[in-house]
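Written out below as structure tokens is the structure these notes cover.
Lettering of chains follows the sequences in order, A, B, ..., and the numbering in each one begins at 1. Any value given below was found using the heavy atoms of this structure, including those in side chains, with hydrogens, waters and symmetry copies removed.
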Amino acid sequence: MKINGDSLLSELSCLYEIASLGEAQDLEELLETAKEKAIRLFGLSHYAVFLETSRNERRVFCGWRIKTEEEAQEYLEKAGLRAFYYPFKRNGIGGFLLMAKERPLQNSEMRLFRLFAHSVEDAMGLMVNLEKLKETQKTLEEAFWGMALALTKLVERRDPYTTGHSLGVAELSRKIGEKMGLSEKELMGLYISGLLHDIGKSTIPLEILVKPGRLNELEMKLIRLHAQAGYEILKDIAFPWPVALVALQHHERLDGSGYPQGLKGYEIIREAKIVAVADIVDAMTHDRPYRPGYGIEKAKEELKENKGKKYDPEVVEACLLVLKDHA
Amino acid sequence: MNRNFVFKTSISFSSDPREAVENCISEAYEGLKDVRFAFLFTTDSYDHRVIWETARVLLRGVRFVGLCSGGVIFKDEVYRKAIGVCLIGGEIEVCTSIQGDLSRDPKKVGTSLGEELLESGIREGTVFVFPDGFSSKVSEALKALYEVMGPYFDYVGGCAGDNLRFFKTYQFTEKELRSDAIAAVLIKGIRITSAFGHGWRPTGHYFVITEAKGKTVYKLDEREAFSAYCEAVGPIPPERFAEIGLRYPFGFSSSSGYFLIRDPLKVNPGGSIEFVTEVPVHALGYIMETTKEEMIGTARKVAKEVKGRSETPSLALIFDCISRCILLGKEFQRELLALKEELGEGVGMIGILTFGEIGCLEGVPFLHNKTLLLVTLG
């Protein structure tokens, strides 16, 4: 049998392009890519996908301005085009590809064409499953953030003076992280760490939390237990971020003067250094049972005075930039 | 020979645009009655506002369509500064349209073009499409045009350009003179036949287009496009890229074995390669090559194909890629002579060097590169 080099090349090209349908990132991209390839590779004049999933229905057309299968049929008949149907039903999706061209396909083209249709079906099955997974992930993420906010509110309801504090710390931590050039994933971690950093306060007796005036030494010791308590509450949750460690370390200071472990410099994780600065700024700019808010200028002074001593200098610089933007 | 149309072609080499248009239109008008339509092919070095205004006065009541490029073909010669005209009369139906903002909204341009042409009530015939060749969105506009007009029409044409200065091109009809536009004419009542070919074949070296957007290819085989391309064709100083890229375009095969050519144009900072038109992603792009003899042989084949399908052609419109003219150099005339020999002495020949050619693959209009498109009337 004589093998024609050009036909081998064209088959190789078509096979490669058919195989690459799986490279699409989502269903929309797949439908668009398949449309482009169908027309260029097979010389189709018209191409349509009628796709029905359990959730919705999609139709993609190329080469005509119609909306329904019936209109497509009528159009093809009138134009005298050859139509090819490829029905599919897989992974909860059903539908068919409808393709048309001016002349019948030759045998070798038909082989490739069937392979193409089959690959589109396979890829669509995968993409629909991927979409379902993405939807589930989105729902879970929403539930996760809802839970985190609910927990925060639960803690803050016990102490009306700190209402909004955790949210404020979360937002400021994220902004500081942005200024420091952290990735989106790291910023999400900072936000959730900010939200939950004081969760350990749920274990502190209410009368101490809301006590007006200065706390005595014993009461202070009890208050300081909230960092360890927060860690204990969070440590078994498999966060992709060090949320529990932030709760534990957000009162640690660079010079070792913090609590509960008196950690120094590099022993404190970066996220805790950021939340610590956000925490102090938010606390100083809002009223407390035992004092009115100091205001933003005082907070800036505190940061500048203790930059490199208590607070990480890079974090302080980033925070000052955020405050400048805010002003 | 029974024809339901009459035509006359003329050319002027005057450097004054008004005089050039006056000369060629008045010459073409001589002895021609019932003129219904005109093609105007110009080179880029004229003031096109003057050309258009003069043509509007002289062709009052006649629809016309025109475009500029780097050369006008007349008989078996190509001219770098000239205006060519082809007047057509007889029992024909004609409708023109011009739509702008091609780069911004190609879909709208294609749709509006199709809708305006269909408003004429003409339901079959040939659409001559003349887009601005500097736009990277021609293919999208063609798809939209096809969606509106469908398989009842043939689609042919070529893209406007300039003498490789890449500055500005013009497209016009009797209604408007524009840039970044598509001018088109729908003609019914003349037997129109077309064929095209390029004569390029794969070298055997191919790349997977792993990253591309529109007409820019970022990665070939997952590597920086320019470095990968240089490894295949040899070292290229970036300033000589256009010249060398011209000789080694990419070809994309279809299931029927036809290679759609895509011309690399320049290297961008960062090593991506910009093509003349869009390039498919996740596709195999073969490095193509050819010889002068193969190019001229293809021209002969194209002419034979047209001649075989059209009974008695009397007029040939030639849309020939400007890069073929550059590659063939002094031998470009041999390509035109090959067409003339195959078509026969009596067939009038007029055309233009194009920056992308439009021809149908199995009834669907595609934008081609490095291609010779021959359209015969009669």
Between A/E36 and chain B, with a heavy-atom cut-off of 4.5 Å, which part of the residue counts as in contact: side chain, backbone, both or neither? side chain

Can you tell me how far the CD1 atom of A/I39 sits from the CG atom of B/L361, to the nearest 0.5 Å? 12.0 Å

Give the minimum heavy-atom separation between A/L41 and B/S253, together with the two atoms involved. CD2-O, 3.5 Å

More than 12 heavy atoms of other residues, nucleotides or ligands under 6.0 Å from CD of A/E77: yes or no? no

Residue pair A/S45 / B/Y146, side-chain heavy-atom distance below 4.5 Å: yes

B/K292: partners by salt bridge (Lys or Arg N to Asp or Glu O under 4.0 Å), with sequence neighbours left out: B/E331

Rounded to the nearest 0.5 Å, what's the gap from OH on B/Y286 to CG on A/L12? Could you check? 4.0 Å

Checking B/V281 against chain A: side chain, backbone, both or neither under 4.5 Å from a heavy atom? backbone

Structural part of B/S139 lying under 4.5 Å from a heavy atom of chain A: neither

Toward chain B, the part of A/L21 with a non-hydrogen atom under 4.5 Å: neither

Could you tell me which non-hydrogen atom of B/F366 sits nearest to which non-hydrogen atom of A/R40, and how far apart they are? CZ-CA, 4.1 Å

How far apart are the closest heavy atoms of A/A79 and B/P151, and which atoms are they? CB-CG, 3.6 Å

Atom pair NE2/CD of A/H46 and B/E147 - distance to nearest 0.5 Å: 8.5 Å

Please indicate whether A/E29 has more than 12 foreign heavy atoms, meaning atoms of other residues, nucleotides or ligands, lying under 6.0 Å from its CD. yes

Residues A/C14 and B/S254: closest non-hydrogen pair is SG-C, 4.0 Å

Where A/Y16 and B/A283 come nearest, the two heavy atoms and their spacing: CE2-N, 4.2 Å

Evaluate whether atom NZ of B/K219 has more than 12 neighbouring non-hydrogen atoms of other residues, nucleotides or ligands under 6.0 angstrom away. no

B/Y258, part contacting chain A, at a heavy-atom distance under 4.5 Å: neither

For a quick test of reading the model, state the closest non-hydrogen atom pair linking A/Y75 to B/Y152 and the distance between them. O-OH, 4.2 Å

Considering only heavy atoms, which portion of A/K37 lies under 4.5 Å from any heavy atom of chain B: side chain, backbone, both, or neither? side chain

At what distance, to the nearest 0.5 angstrom, does CD of B/E362 lie from CD of A/E102? 8.0 Å

Could you tell me whether the side chain of A/S20 and the main chain of B/H282 form a donor-acceptor pair under 3.5 Å? yes

